Every structure is written in structure tokens, then in C-alpha cells.
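Counting starts at 1 for both ligands and their atoms, in listed order. Keep in mind that the numbers below use all heavy atoms, side chains included, and drop hydrogens, waters and symmetry copies. Sequence positions, counted from 1, serve as the residue numbers for this chain. Because the structure is a prediction, the values reported are computed rather than measured.
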Amino acid sequence: MIKAITGTKDILPNDINNWRRLENLIESRMKLYNYREIRTPVFEETSLFSRGIGETTDIVSKEMYTFTDRSGTSITLKPEMTASVVRAYLEHNLGKQYNFLKMYYISPMFRQERPQAGRLRQFHQFGAEAIGSNDPALDAEMIELSYSVLVNFGLKNLEIKINSLGTPESREIYKNELRSYLKSKFSDLSDDSKKRFNSNILRIFDSKDETDQIIMNQAPKILSYLDGQDLSHFEEVKKYLNLIGLNFSVDEKLVRGLDYYTNTTFEIISPKIGSQSALCGGGRYNLLIEQLGGKPTPATGFAAGMERILLACQNENCMDSSGQKIDVYIVRIDQDKESEVFKLASQLRNNGITTEHDYLSRSVKAQMREANRLNSNFVIMVGGNEFKHGNVVVKNMEDGTQVETKFSDINEIKRKLSK
Ligand code: AMP
């Protein structure tokens, strides 16, 4: 039997309720903050990601689904969305139309990581990008917006961590300090961290190795190396978060994996879901647009993992477990009333009433059982003596009451269903 590829997951009809609840919430929150949806293709030219995300990142160096198509072009399934959004922004000259633009997305992403709970190879992210402003209020808004989705979904155990990575210039000075600090500890570092020492030294902060962590706890931290402008930007972000009463902690080890971040970075974690605890991450990326061929344009954004949000929700018992519900189940009393049932179902559905009927030639008893299983509010019985007089019986499944009504009068049937 053919099975789904490792690290991918089917979202089955029973799971959909909570996915839709999350998607609807995302849409309504994004509308409140005036973000407009953008959809981009699932695959892009590989160079977009290698240039946009950075060759030394884990994503580009070992996680991308890359293949050569029949015309010899190197294609990659998108591992994240920011590079694609910026590509679309530049390609369609959106900067000319709007000197400031807020966009959001909900989309599958693809990364060839080692699958485990909360880590998939095809997963879904929602996120937002605001392009054209360096206002620290916008960094705070990103944090508030992503947090608001999580909280309104029902999550309670959330921690907001923020940090600033400054500009590449101040970061370079800091990286040199870090390099000299780590040189004397080099032999104690894990193999992975040894590699990162040369390729992407800040990422050593993300190491899960215990010795690495002890070493990094004592390492010099970035905030002491930021210049005045970067520090005041960071202070402003904190001021705005305080202003709206959002609790956060400053975590100087929060460096994020991607090369394009400048200034603010943030993460929202759910301490209860194990090692893959980050639900959402983001920050400012003032250099990316230039890096992808545009003119220097400040921007900020975030991405949140939807499977992880659902996992956290499961752990916190905030999933909506109410099952399927329909308005009407039509029970066919006489086997030969197929056409009448079919027509009535069509009329009800066209009147906005969720309707189901039998397709398996089931007995009346079995049809009633099915109506119960589907949590139908009403049953309409077609057939028997009543039908000989042109009537159907409408049964209210909650209180058991029954009324007769004229089969040919859909408005009358509708009225009976609203009682
Ligand atoms: P990133 O784009 O790496 O900053 O990730 C943003 C968010 O996407 C993370 O906080 C996770 O919630 C989610 N995420 C990232 N990678 C995966 C994955 N392989 N499987 C499931 N969720 C993921």
C-alpha cells in the first residue's frame, strides 16, 4: 500500500474543524490590523532562497527540496515565505504603488528536516510582512498581532522573547568578540557548533548540546555591541509592548537562523510542547529587499507554524471537539420516493439549509440512526400516509416534536425548520 511521504500529514475531515477555526481567526485578525492577503507559487527559482535566506543557514544548506525541472531550471519548494513575498513585491513594482504595504499569507512550506513531533517536512505557516517602514511601532505590532492569534485561539501558556541583532556593522564587531571568546573554548564545542563557528557563528546559540549551552551562557551578548540608533529602536519596541501590556522577556541568545534579520527579532514559544516549542518567529529585515535587487526598503514580519499551534492547543485542551452538525436529514419512508427526496434536498440546500439524505438504500430505522449520528437538528420524513395527502413530517430532533407541512411549499417547510 502506498503511504504518505515521511514528514507529511493528511488533514482528515475530523481535523478540519480546528484548522478552519484557526484559518478563520487568522483572516479576521489580519483584517483588524489591515493586512491584505498574498498568495505566491509553491515553487520558485532556487536562487531566490539561496540569495534571500543565505547559503550558510540550515534551511538553504541542508533542508530545501530542490530539483532540476525538465528545462534544466533549478526549482525549490518554498521553505519559507518572506523571500517569495519580497520577490513578488519587486516583480510587480508594488513599492511604486504603495510606499507602505502590509500583507499576510497562509501557505504550506517544505523543509527536509528530521521529522518529529512538531517538525514536519510539509507544514503550514501563516505570517505577515509589512514593507516600507522602519517604525518600531510596526515591530511591536507584529508581536502583538501574532500573539493575538495565539491567545484568541485559546492558548494560555505563551512566552514572548525579544532581542535585537542591530545592523550588520555592529553585528560584525560583536561576531569578532564572540569569535575570540569561543576560540579558547573551541575544543569543547560540539561538532555542529565547530562547523557553525566558521559558517554562521551566531547559530551556536541555538545548539541543544549541554556543554555548548554552558559555554554560550557565558559568552558576550549582542546588546552591549549595538550602536545608539539600534538601541533606541529596541527601547521603542519595548516601550510599545509595555504600553499595551504585553509581557515579554529579552533573550540575548535569540539570534534566529536566517541571515536577513536586522534589529528586532522575536519568538513566541509554548513551553509545554517539548523541544519544538517555537510557535512563531519573526523580526525586522531591512536589508533583504536590497539584497534581492530592490532599492533599500525597511521591512518587518513574522511566520507562525500552524501544526505546532494545533499541537499546543491539544496539549492545553483548547481544541474544539464539537463534531459535525447538519440542519436537516431527509428520511425516505417509501423506497420509491427518490425523486421527491432528491428535489427537496436541492431546494433546501439552495435555501441555505445544510441537508443530507440516504444514498445506500437504508431502512427507515438506519436512516434515523444516521440522522442522529450526523447531529441533525431536524428530520423530514417523505412518504407514508402523510405524503398521500401531499404532506411531509418535520421532526425536531432536540425535543422530539413533529409537525406536518405541505411538501410543495418550500417556504412553509423553511418556517417549520426555524421553530
Ligand atoms: P521559521 O521560518 O524557521 O522562523 O519558523 C517559523 C515557525 O514555523 C516556527 O516557529 C514553527 O512554528 C514553524 N516551523 C518551522 N519549521 C517547521 C517544521 N519543520 N515543521 C513544523 N513547523 C515548523
*Do Arg203 and Asp206 pass the salt bridge (charged side-chain N to carboxylate O under 4.0 Å, His left out) test, and can you show the C-alpha distance, the side-chain angles, and the key distance before you say yes or no?*
CA-CA 5 Å; Arg203 288 295 317 281; Asp206 294 340; 2.5 Å; yes
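- Taking distance alone, with nitrogen or oxygen atoms compared against 3.5 Å, Ala278 approaches ligand 1 more closely than that limit.
- Side-chain atoms of Tyr35 and Glu141 form a donor-acceptor pair, as typed in the model, at a separation below 3.5 Å.
- Neither the backbone nor the side chain of Ile309 comes within 4.0 Å of ligand 1, counting heavy atoms alone.
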*Any chance you could lay out the side-chain hydrogen bond (donor to acceptor under 3.5 Å, both in side chains) test for Asp251 and Ser249, step after step, and finish with the verdict?*
CA-CA 6 Å; Asp251 180 354; Ser249 59; over 6 Å; no
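- Within a 6.0 Å sphere centred on CG of Leu32, other residues, nucleotides and ligands contribute more than 12 heavy atoms.
- Side-chain contact check for Glu129 and Thr82: at least one donor-acceptor pair (N or O, by modelled atom type) lies under 3.5 Å.
- Protein heavy atom nearest atom 19 (N) of ligand 1, with residue, atom name and distance: Glu113 OE2, 2.6 Å.
- The N/O atoms of Leu120, backbone and side chain alike, include one that comes under 3.5 Å of an N/O atom in ligand 1.
- With ring centers used as reference points, Phe302 lies under 6.0 Å from Phe126.
- In terms of N/O distances under 3.5 Å, ligand 1 is not approached by Glu80.
- Atom 1 (P) of ligand 1 has Arg111 NH2, 3.6 Å as its closest protein atom, hydrogens excluded (heavy atom only).
- Between the side chain of Asp209 and the backbone N or O of Asp212 there is at least one donor-acceptor pair closer than 3.5 Å.
- Remark: ligand 1 and Gly305 share an N or O pair separated by less than 3.5 Å (distance only, no angle test).
- Arg256 NH2, 2.5 Å is the protein heavy atom nearest to atom 4 (O) of ligand 1.
- For atom 21 (C) of ligand 1, the nearest protein heavy atom (residue, atom name, distance) is Gly118 O, 3.3 Å.
- Annotation for ligand 1: atoms under 4.0 Å from non-hydrogen atoms of Ala303 are 6 (C), 7 (C).
- Contact check on Lys343 versus Glu340 returns no salt bridge, with no Lys/Arg side-chain nitrogen under 4.0 Å from an Asp/Glu carboxylate oxygen.
- The shortest N or O to N or O distance between Gln125 and ligand 1 is under 3.5 Å.
- In this structure the side chain of Tyr104 never reaches within 4.5 angstrom of the side chain of Arg29, judged on heavy atoms.
- The contact set between ligand 1 and Cys280, taken as ligand atoms under 4.0 Å from a residue heavy atom, comprises 10 (O).
- Looking at Phe123 next to ligand 1, no N or O pair under 3.5 Å apart turns up.
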